[in-house]
Amino acid sequence: MESTGEMVSLPVLLESNYRASTIPYRFPSDNPKKPTPTELSWINLFSNSIPSFRKRAESDDTVSDAPAKAEKFAQRYTEILEDLKKDPESHGGPPDCILLCQLREQVLREVGFRDIFKKVKDEENAKAISLFEDVVRLNDAIQDEAERVENLIRGIFAGNIFDLGSAQLAELFAKDGMSFQASCQNLVPRPWVIDDLDKFISKWGRRSWKKAVIFVDNSGADVILGILPFARELLRHGVQVVLAANDLPSINDVTYTELLEIIAKLKDENGKLLGVDTSNLLIANSGNDLPVIDLTRVSQELSYLASDTDLVVLEGMGRGLETNLYAQFKCDSLKIAMVKHQEVAQFLGGRLYDCVIKYDEFLDYQHIRQSN
C-alpha cells in the first residue's frame with residue numbers, strides 16, 4: 001500500500017540544527033538572483049544525467065508512445081534547469097539536490113512515466129537473489145567476528161555501486177553490467193575519506209543495540225547482497241531490524257512493495273533467511289519518493305517503529321551523504337555510502353568511488369552539547 005496521511009519527523013532526529021542538505025549551495029551573502037558556482041555545478045550534474053534518463057524512458061514498454069514522451073521529459077526538464085541558471089529562485093528554488101530530484105520526478109510523472117527503471121530493477125533483483133546464498137555463506141564462513149563485520153561493510157559498498165542515478169555508472173552498467181565479487185575486491189584502499197570502520201566494529205562487539213532502523217537505497221546487489229546480509233547478521237545477534245524503503249519509485253531505488261517481494265522470495269518455508277529467524281525483521285514504508293531524504297518528512301508508520309531505535313543506518317549517497325551526513329540523532333547512527341559524484345568527492349576532499357563510513361555514538365553528541 002502507498003503511504004497515506006501527514007508526514008512527520010523521525011522521532012530520534014535531533015532537530016535543532018537539522019537541515020536536509022550536507023553541501024552548502026549558497027550563503028546569506030550570495031546574490032539571490034544569481035546562481036552560485038555550487039548551484040551551477042549541481043544543475044549541470046543533473047543536466048548530464050538527462051540522456052540516460054531519456055533512454056530508460058524511451059524503452060518503457062508500459063507507457064504508450066514512450067519515445068515521444070521521453071523526448072518531452074528531456075525538453076521540459078532541460079528548460080527547468082536552464083530557468084534555474086537564469087533565476088535560482090524560479091521553480092521553488094534556490095536549488096539543492098532535493099529540489100532538483102523533485103523536479104525531475106515531477107516532470108517524469110507529468111508526461112506519463114511512473115517507473116522507468118522497473119525492467120532493469122527486476123532483472124537485477126533476480127540476478128542478486130540467485131547470488132544471495134553464496135554471498136551469505138562466504139560471510140558465515142569467516143570465523144573472526146571483526147573480519148566478518150568488515151566483510152559485510154565492504155559488501156554494502158560493493159552493492160552500492162549499482163546506482164543508475166549516476167551518469168557515469170549508468171553508462172558503465174549499460175556496457176557490461178556489474179560483478180558484485182569484483183566490486184568487493186576493487187574498492188579503493190583504506191583509509192577511506194571518512195573511515196570509522198574500526199570504531200563501528202568495536203561498538204558491534206559490545207552488543208549494545210536492541211533495534212536498528214536501516215534506510216535502504218538501490219535495488220539489486222545493493223539491497224540484496226549488501227544490506228540484507230548485514231541485516232541478517234544483526235538479526236543473528238538478537239537485534240530487531242526495520243528496513244525503511246521508498247513509497248514510490250525513484251531511479252533504481254527499491255520500493256516498499258518491491259522489498260516485501262524480495263524478502264518473500266529469499267525466506268524458506270519456515271520463514272527463515274538461510275537459517276536465521278526473521279520474526280524480528282520489519283519492512284516499513286518510509287513515505288519518501290526521492291533518492292534523497294528529508295528526515296523531518298517520514299511516514300507515521302516509520303515514525304512509530306523508529307521511536308525506540310538505538311541505531312539509525314542511512315545507506316547510499318543520496319540519503320547518507322548528500323542530505324544527512326551531518327544529521328545528529330538521539331541514538332547511535334551510521335552513514336555508509338560510496339562517493340559516486342565528483343562534486344561530492346571534491347566537497348569531502350576524497351576520490352571518486354571513495355567510501356564513507358561515518359559512525360557516531362549518541363554519547364559523542366551528549367559530550368559535545370555538555371562541553372559547549
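For reference, positions follow the sequence shown, starting with 1.
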Can any side-chain N or O of [X] pair as donor or acceptor with the backbone N or O of [Y] at less than 3.5 Å?
| X | Y | result |
| --- | --- | --- |
| Asp122 | Ala126 | no |
| Lys199 | Tyr359 | yes |
| Asn160 | Met338 | yes |
| Thr323 | Asp294 | no |
| Ser9 | Pro11 | no |
| Asp60 | Ala57 | no |
| Lys335 | Leu325 | yes |
| Asp354 | Val193 | yes |
| Asn246 | Pro249 | no |
| Ser303 | Val8 | no |

Please tell me if the side chains of [X] and [Y] come closer than 4.5 Å, counting only heavy atoms from C-beta onward.
| X | Y | answer |
| --- | --- | --- |
| Asn125 | Lys265 | no |
| Lys69 | Val63 | yes |
| Ile262 | Phe132 | no |
| Phe215 | Leu295 | yes |
| Leu274 | Glu133 | yes |
| Leu81 | Leu100 | yes |
| Arg104 | Phe73 | yes |
| Glu71 | Arg54 | yes |

Exercise. Does the side chain to side chain contact (heavy atoms under 4.5 Å, CB included) test come out yes or no for Glu343 and Glu322, once each step is laid out?
Worked result: CA-CA 10 Å; Glu343 290 75 5; Glu322 291 170 349; over 6 Å; no
Problem set entry | Same apolar cluster: Val292 and Ile227, side chain cutoff 4.5 Å |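 In one cluster: no.
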For this session: Can you establish whether the number of heavy atoms outside Lys72 located under 6.0 Å from its atom NZ is more than 12?
Result: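 Counting neighbours around NZ of Lys72, 12 or fewer heavy atoms of other residues, nucleotides or ligands fall under 6.0 Å, so no.
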Exercise. In this structure, are over 12 heavy atoms from other groups packed under 6.0 Å from Asn17 atom CG?
Worked result: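 Check fails, neighbour count at 12 or below.
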Rounded to the nearest 0.5 Å, what separation is found between the [atom1] atom of [X] and the [atom2] atom of [Y]?
| X | Y | atom1 | atom2 | answer |
| --- | --- | --- | --- | --- |
| Leu108 | Leu103 | CG | CG | 11.0 Å |
| Gln300 | Asn285 | CD | CG | 12.0 Å |
| Ser250 | Asp115 | OG | CG | 9.5 Å |
| Asp360 | Gln328 | CG | CD | 7.5 Å |
| Asp96 | Gln102 | CG | CD | 8.0 Å |
| Arg76 | Ile50 | CZ | CD1 | 11.5 Å |

Solution key, residues 138-150 side-chain donor-acceptor pairs under 3.5 Å, sequence neighbours excluded:
{"from": "Asn139", "atom 1": "OD1", "to": "Asn151", "atom 2": "ND2", "distance (Å)": "2.6"}
{"from": "Asn139", "atom 1": "ND2", "to": "Val135", "atom 2": "O", "distance (Å)": "3.3"}
{"from": "Asp140", "atom 1": "OD1", "to": "Arg232", "atom 2": "NH1", "distance (Å)": "3.0"}
{"from": "Asp140", "atom 1": "OD1", "to": "Arg236", "atom 2": "NH1", "distance (Å)": "2.8"}
{"from": "Asp140", "atom 1": "OD2", "to": "Arg232", "atom 2": "NH1", "distance (Å)": "3.3"}
{"from": "Asp140", "atom 1": "OD2", "to": "Arg232", "atom 2": "NH2", "distance (Å)": "2.9"}
{"from": "Asp144", "atom 1": "OD2", "to": "Ala146", "atom 2": "N", "distance (Å)": "3.3"}
{"from": "Asp144", "atom 1": "OD2", "to": "Glu147", "atom 2": "N", "distance (Å)": "2.9"}
{"from": "Glu145", "atom 1": "OE1", "to": "Arg207", "atom 2": "NH1", "distance (Å)": "3.3"}
{"from": "Glu145", "atom 1": "OE2", "to": "Arg207", "atom 2": "NH1", "distance (Å)": "3.2"}
{"from": "Glu145", "atom 1": "OE2", "to": "Arg207", "atom 2": "NH2", "distance (Å)": "2.8"}
{"from": "Glu145", "atom 1": "OE2", "to": "His237", "atom 2": "NE2", "distance (Å)": "3.4"}
{"from": "Arg148", "atom 1": "NE", "to": "Glu233", "atom 2": "OE2", "distance (Å)": "2.9"}
{"from": "Arg148", "atom 1": "NH1", "to": "Ile142", "atom 2": "O", "distance (Å)": "2.7"}
{"from": "Arg148", "atom 1": "NH2", "to": "Glu233", "atom 2": "OE2", "distance (Å)": "3.3"}
{"from": "Glu150", "atom 1": "OE2", "to": "Arg154", "atom 2": "NE", "distance (Å)": "3.0"}
{"from": "Glu150", "atom 1": "OE2", "to": "Arg154", "atom 2": "NH2", "distance (Å)": "3.3"}

Problem set entry | Donor + acceptor pair across side chains of Glu124, Ser219 (<3.5 Å) |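 Not at all, the side chains of Glu124 and Ser219 share no donor-acceptor pair under 3.5 Å.
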Restricting to side chain to side chain contact (heavy atoms under 4.5 Å, CB included), what partner residues turn up for [X], sequence neighbours left out?
| X | answer |
| --- | --- |
| Asn31 | Lys33, Lys34 |
| Ala284 | Val242, Glu301, Leu302, Leu305 |
| Lys85 | Leu40, Ile43, Asn44, Glu82 |

For this session: Please identify each residue that fulfils salt bridge (Lys or Arg N to Asp or Glu O under 4.0 Å) with Asp332, with sequence neighbours left out.
Result: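 Result, salt bridge (Lys or Arg N to Asp or Glu O under 4.0 Å) vs Asp332: Lys203.
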Problem set entry | Qualifying residues under salt bridge (Lys or Arg N to Asp or Glu O under 4.0 Å), relative to Lys330, sequence neighbours excluded |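 Result, salt bridge (Lys or Arg N to Asp or Glu O under 4.0 Å) vs Lys330: none returned.
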For this session: Check Leu187 against Ala158 and note the closest heavy-atom contact, atom names and distance.
Result: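 So the two residues come closest at CD2-N, 4.2 Å.
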Exercise. What's the shortest heavy-atom distance between Val276 and Leu235, and which atoms?
Worked result: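 Val276 and Leu235 have their closest heavy atoms at CG1-CB, 3.8 Å.
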For [X], what residues pass the ring-ring contact (aromatic ring centres under 6.0 Å, His included) criterion, not counting sequence neighbours?
| X | answer |
| --- | --- |
| Phe347 | none |
| Phe230 | Trp204 |
| Phe157 | Trp192 |

Problem set entry | Contact list for residues 37-49, test salt bridge (Lys or Arg N to Asp or Glu O under 4.0 Å), sequence neighbours left out |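 Applying salt bridge (Lys or Arg N to Asp or Glu O under 4.0 Å) to every pair that reaches into residues 37-49, excluding sequence neighbours, yields Arg26-Glu39.
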Exercise. Can you pull the salt bridge (Lys or Arg N to Asp or Glu O under 4.0 Å) pairs that have at least one residue in residues 182-198, sequence neighbours excluded?
Worked result: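 Listed by first then second residue: Arg190-Asp195, Arg190-Asp198.
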For this session: Could you give me the CA-CA distance, side-chain angles and deciding distance for Leu234 and Ile214, then say whether side chain to side chain contact (heavy atoms under 4.5 Å, CB included) is met?
Result: CA-CA 11 Å; Leu234 286 167; Ile214 304 174; 4.2 Å; yes
Exercise. Only one of Val216, Leu260, Val213, Val223 forms a side-chain contact (heavy atoms from CB on, under 4.5 Å) with Leu243, so which one is it?
Worked result: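 So, applying the side-chain contact (heavy atoms from CB on, under 4.5 Å) to Leu243 and each of Val216, Leu260, Val213, Val223, only Val216 qualifies.
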Problem set entry | Of Asp308, Asp310, Asn280, the residue whose pairing with Lys211 passes side chain to side chain donor-acceptor pair (under 3.5 Å) |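 Going through Asp308, Asp310, Asn280 one by one, the side chain to side chain donor-acceptor pair (under 3.5 Å) with Lys211 is satisfied by Asp308 alone.
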For this session: With sequence neighbours left out, write down each residue that passes side-chain hydrogen bond (donor to acceptor under 3.5 Å, both in side chains) with Tyr25, or none if nothing qualifies.
Result: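 Checked Tyr25 against side-chain hydrogen bond (donor to acceptor under 3.5 Å, both in side chains); zero matches.
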